[in-house]
Participant: 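Structure incoming, see below.
Both backbone and side-chain heavy atoms feed into the values below; hydrogens, waters and symmetry mates do not.
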Amino acid sequence: LMDVHEERGPAYLTGRVAVGQGRTLSCCAVVDNLVRNLFFVPAAALVEHGPELDRLQADLEANREGAKLELMKYFHQKFAPLKAEVRQLLANHRIENFSMVPVQRNYGFENKAVARARQWVLKVKYFAKDPALSDLERGEHFKAVFGVRTSPLETLILKRKLKGPQWVLLSKPRRVETQSQVSWCKMEVTVESPKRVLSAPGLGNRPPPKITVAAVNLKTFINPKHSTSEIVAATVMHVRDVRIDVPTESKDWNNLSRIRYFSVVRKLEGESFPIGFEAEVKKKNASPLGKLNDGAVLSQASTERALLCNLLARLDKLDPDVLVGHNFAGFDADVLLRRLEKLKVPKWSRIGRIKRSRMPNLKSSQSGGMSFGAMTATAGRLIGDTYISARELLREVDYSLASLAKTQLNEPLTSNHPEVVSCLNSKESLLGLIDLAEKQAHMSLGLLFHLNTLPLSSQLAGVSGFLWNSCSSR
């Protein structure tokens, strides 16, 4: 399990599943029937202690047969006014299917209206697809209510004890046919209830699956007609079979037997590619390095929309678990998603692993990381931003990619970024722009592995209980 996302009722658990002989495939488990749990603290008049309650509780502690049933009958009778009020509140929100049961819970926080002790409360459970009662605080027969702001996803994570990336067991999953899938994963199953998602501490000694990491580098320019950033070229450099539980040494990935990459470049509107550029593309693809990358290490596109279609199709085939870049969360992801939306690129949601037709709200994040909308759009793929990781782990004056490549990787990388539009005037300058994009993607991968971002964020998520994506991209 690598990521958990909840939307419109079900939860989507994404990660990798073992398919034999050491192989794994990307997998999405759709967990239906998520619930909301509310806890109503009854008014003091409904739970006054008396001889009858003391006797029932003493019988329960003595394990007398039928004691629990008698105690439940007592509280159902005492909570009758509260249950009637709650039933009306739910009806006002058109919630028809629910259950109510008295339970004991401890409290020890700041609400002075609630005793800091173990006490009887009314637990109300209903399906997550129904609306939340977020405006509810107190009523005639209850002095407080808890759980109204708890998301179904949080309930799932806490109840099923999902802490960071880990192996989980799915009880009675049902395989979904490819044409019926709601995800872009290679395999999809459905699970009828959250209770069928089982934490598997016994699999703690089983090594985690190896994953695919892809660095994305975009070359953009600001169109003076619309004052918006447009994408001219995109480079993806990836490494398969990366371990997440141990550091990845340079010798284990930085060689032609492990690294694969491709670039896509497009011409500007109303213009053509520089003279001789198409011949250079054919020459590069026919070279030994080009053949190593399936004969398509460099591709041409006539429009920005065609470039993005090419990029998404190849990302879908690659199916990376991690998308990484330098300031990818703060800039590249936002530009990419906005252009996908503006140009109405078909099947744009392949940038993540959950199929969707509408783009989420891409309001900018105040923290400098990915916005909630961008996180939603890329759900299912981990986002690694080497700029954010470097600021958290290093003490540097300059956190630019060129500076970090020099100080951390001892690799030269130009800090002079050429004007993208001017690079389209000649084949030499355009090939130089693409070469720069490939070097920057390579340096992003190098920083990710050098800073041990994956194993560190994985361990942090496991210890804290946060989602892995929250520990790597914010």
Participant: Within a radius of less than 6.0 Å around NZ of Lys186, do more than 12 heavy atoms belonging to other residues, nucleotides or ligands occur?
Facilitator: yes
Participant: Do side-chain atoms of Thr407 reach the backbone of Ser403 as a donor and acceptor pair under 3.5 angstrom?
Facilitator: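 Checked: pair present.
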Participant: Of all residues at least two apart in sequence or in a different chain, which pass the side-chain hydrogen bond (donor to acceptor under 3.5 Å, both in side chains) check with Glu6?
Facilitator: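 If we apply the side-chain hydrogen bond (donor to acceptor under 3.5 Å, both in side chains) test to Glu6, skipping adjacent residues, there are no hits.
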Participant: Test: salt bridge (charged side-chain N to carboxylate O under 4.0 Å, His left out). Region: residues 140-156. Which pairs qualify, not counting sequence neighbours?
Facilitator: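 Matches after skipping sequence neighbours: none remain.
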Participant: Show me, pair by pair, the donor-acceptor contacts under 3.5 angstrom made by side chains of residues 113-131, not counting sequence neighbours?
Facilitator:
unit_1: Arg116; atom_1: NE; unit_2: Phe109; atom_2: O; d: 3.1
unit_1: Arg116; atom_1: NH2; unit_2: Phe109; atom_2: O; d: 3.1
unit_1: Gln119; atom_1: NE2; unit_2: Ala115; atom_2: O; d: 2.8
unit_1: Gln119; atom_1: NE2; unit_2: Ala117; atom_2: O; d: 3.1
unit_1: Tyr126; atom_1: OH; unit_2: Pro131; atom_2: O; d: 3.0

Participant: Might you point out which heavy atoms bring Ile211 and Leu454 nearest each other, and give the distance in Å?
Facilitator: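 Result for this residue pair: CD1-CD1, 4.2 Å.
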Participant: Tell me, which pairs form a side chain to side chain donor-acceptor pair (under 3.5 Å) where one or both residues lie in residues 335-355, sequence neighbours left out?
Facilitator: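 Sorted result for residues 335-355: Trp184-Ser349, Glu304-Arg339, Asp319-Arg353, Asp321-Arg353, Asp334-Arg338.
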Participant: Can you find a pair of side-chain heavy atoms, one from Leu198 and one from Arg160, that are under 4.5 Å apart?
Facilitator: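 They are in side-chain contact.
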Participant: Going through the distances and angles, do Ser457 and Trp468 end up as a side chain to side chain contact (heavy atoms under 4.5 Å, CB included)?
Facilitator: CA-CA 7 Å; Ser457 60; Trp468 194 7; 2.8 Å; yes
Participant: Roughly how far apart are Lys163 NZ and Leu467 CG, rounded to 0.5 Å?
Facilitator: 13.0 Å
Participant: Between Arg196 and Val191, is there a donor-acceptor pair closer than 3.5 Å when you use the side chain of the first and the backbone of the second?
Facilitator: no
Participant: Does any non-hydrogen side-chain atom of Ile231 lie less than 4.5 Å from one of Leu308?
Facilitator: yes
Participant: Can you name the residues that form a ring-ring contact (aromatic ring centres under 6.0 Å, His included) with His238, not counting sequence neighbours?
Facilitator: none
Participant: Check whether any side-chain heavy atom of Pro346 lies under 4.5 Å from a side-chain heavy atom of Arg305, and answer yes or no.
Facilitator: yes
Participant: What's the separation between atom CZ in Phe98 and atom CG in Leu89, rounded to the nearest 0.5 Å?
Facilitator: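 Nearest 0.5 Å value for the CZ-CG distance: 10.5 Å.
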Participant: Would you confirm whether Asp3, through its side chain, and Thr14, through its main-chain N or O, come within 3.5 Å as a donor-acceptor pair?
Facilitator: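 Absent.
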Participant: Check whether any side-chain heavy atom of Val86 lies under 4.5 Å from a side-chain heavy atom of Val145, and answer yes or no.
Facilitator: no
Participant: Before giving the answer on side chain to side chain donor-acceptor pair (under 3.5 Å), spell out for Gln440 and Lys219 the whole-Å C-alpha distance, their side-chain angles and the decisive distance to 0.1 Å.
Facilitator: CA-CA 11 Å; Gln440 290 176 336; Lys219 291 304 172 192; 2.5 Å; yes
Participant: State, to 0.1 Å, how close Phe40 and Leu38 come at their nearest heavy-atom pair, and which atoms those are.
Facilitator: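 So the minimum-distance heavy-atom pair works out to CE1-CB, 3.9 Å.
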Participant: Can you name the nearest heavy-atom pair linking Leu362 to Gly373, along with the distance?
Facilitator: CD2-C, 4.0 Å
Participant: Could I get the full list of side-chain hydrogen bond (donor to acceptor under 3.5 Å, both in side chains) partners for Gln88, not counting sequence neighbours?
Facilitator: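 Counting only residues at least two positions away or on another chain, Gln88 forms a side-chain hydrogen bond (donor to acceptor under 3.5 Å, both in side chains) with Asn92.
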Participant: Quick one: pull up OG in Ser444 and CG in Asn327 and give me the separation to the nearest 0.5 Å.
Facilitator: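 Answer rounded to 0.5 Å: 10.0 Å.
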Participant: Assess whether atom CZ of Arg105 is packed by more than 12 heavy atoms of other residues, nucleotides or ligands within 6.0 Å.
Facilitator: yes
Participant: Taking all non-hydrogen atoms of both residues into account, name the closest pair between Gly330 and Asp385 and its distance.
Facilitator: N-OD2, 3.8 Å
Participant: In this structure, which one of Ile244, Asp241, Val242 forms a side chain to side chain contact (heavy atoms under 4.5 Å, CB included) with Lys210?
Facilitator: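 So, applying the side chain to side chain contact (heavy atoms under 4.5 Å, CB included) to Lys210 and each of Ile244, Asp241, Val242, only Asp241 qualifies.
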Participant: Run the numbers on Thr386 and Leu404 for side chain to side chain contact (heavy atoms under 4.5 Å, CB included), then give the verdict.
Facilitator: CA-CA 10 Å; Thr386 53; Leu404 293 174; over 6 Å; no
Participant: Within the distance-only criterion (no hydrogens, no angle test), does the side chain of Trp167 pair as donor or acceptor with the backbone N or O of Pro207 below 3.5 angstrom?
Facilitator: yes
Participant: Please list, chain by chain and in numerical order, all residues satisfying ring-ring contact (aromatic ring centres under 6.0 Å, His included) with Phe79, sequence neighbours excluded.
Facilitator: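 ring-ring contact (aromatic ring centres under 6.0 Å, His included) check on Phe79 returns Phe75.
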Participant: Would you check if Leu340 and Leu312 make a side-chain contact, meaning some heavy-atom pair closer than 4.5 Å?
Facilitator: yes
Participant: Partners of Tyr387 by ring-ring contact (aromatic ring centres under 6.0 Å, His included), sequence neighbours excluded?
Facilitator: His326
Participant: Supply the atom-to-atom distance Cys185 SG to Leu25 CG, rounded to the nearest 0.5 angstrom.
Facilitator: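 Rounded to the nearest 0.5 Å, the SG-CG separation comes out at 10.0 Å.
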Participant: Check for a donor-acceptor pair, side chain of Tyr261 on one end and backbone N or O of His442 on the other, with a separation under 3.5 Å.
Facilitator: no
Participant: Check whether any side-chain N or O of Arg381 sits under 3.5 Å from a backbone N or O of Ile351 as a donor-acceptor pair, and report yes or no.
Facilitator: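 It does hold such a pair.
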Participant: Is there side-chain contact between Val176 and Val182, with heavy atoms separated by less than 4.5 Å?
Facilitator: no
Participant: Not counting sequence neighbours, list each pair that qualifies as a salt bridge (charged side-chain N to carboxylate O under 4.0 Å, His left out) and has a residue in residues 33-44.
Facilitator: none
Participant: How long is the straight-line distance from NZ of Lys172 back to OG of Ser193, given to the nearest 0.5 Å?
Facilitator: 11.0 Å
Participant: What pairs with Tyr12 under ring-ring contact (aromatic ring centres under 6.0 Å, His included), at least two apart in sequence or on another chain?
Facilitator: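 If we apply the ring-ring contact (aromatic ring centres under 6.0 Å, His included) test to Tyr12, skipping adjacent residues, there are no hits.
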Participant: Short question: side chain of Asp32, backbone of Glu192 - any donor-acceptor pair under 3.5 Å?
Facilitator: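 Here the side-chain-to-backbone pair does not exist.
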Participant: Return yes when atom CZ of Arg64 has more than 12 non-hydrogen atoms of other residues, nucleotides or ligands closer than 6.0 Å, and no otherwise.
Facilitator: yes
Participant: Strictly distance-based, threshold 3.5 Å: is any side-chain N or O of Thr235 a donor or acceptor partner for the main-chain N or O of Asn217?
Facilitator: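 No; zero donor-acceptor contacts below 3.5 Å.
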Participant: Nearest heavy-atom pair of His76 and Val101: which atoms, and what distance?
Facilitator: CE1-CA, 4.3 Å
Participant: Is there a side chain to side chain contact (heavy atoms under 4.5 Å, CB included) between Ile259 and Val239? Walk through the geometry before answering.
Facilitator: CA-CA 5 Å; Ile259 292 179; Val239 180; 4.2 Å; yes
Participant: Would you please name every residue forming a side-chain hydrogen bond (donor to acceptor under 3.5 Å, both in side chains) with Thr24, sequence neighbours left out?
Facilitator: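 Result, side-chain hydrogen bond (donor to acceptor under 3.5 Å, both in side chains) vs Thr24: Arg16.
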Participant: What are the two closest heavy atoms between Leu34 and Val31, and how far apart are they?
Facilitator: CD1-O, 3.2 Å
Participant: With a 3.5 Å distance limit and no angle check, can you tell me whether Arg243 reaches the backbone of Thr248 through a side-chain donor-acceptor pair?
Facilitator: no
Participant: List for me each residue that meets side-chain hydrogen bond (donor to acceptor under 3.5 Å, both in side chains) alongside His93, sequence neighbours excluded, and say none if there are none.
Facilitator: none
Participant: Does the pair Val335 and Phe331 meet the rule for a side chain to side chain contact (heavy atoms under 4.5 Å, CB included), with working shown?
Facilitator: CA-CA 6 Å; Val335 171; Phe331 179 76; 3.6 Å; yes
Participant: Hey, could you give me the NE2/CG distance between His450 and Leu393, rounded to the nearest 0.5 Å?
Facilitator: 10.0 Å
Participant: Ignoring hydrogens and geometry, is there a side-chain-to-backbone donor-acceptor pair from Glu188 to Ser183 under 3.5 Å?
Facilitator: yes
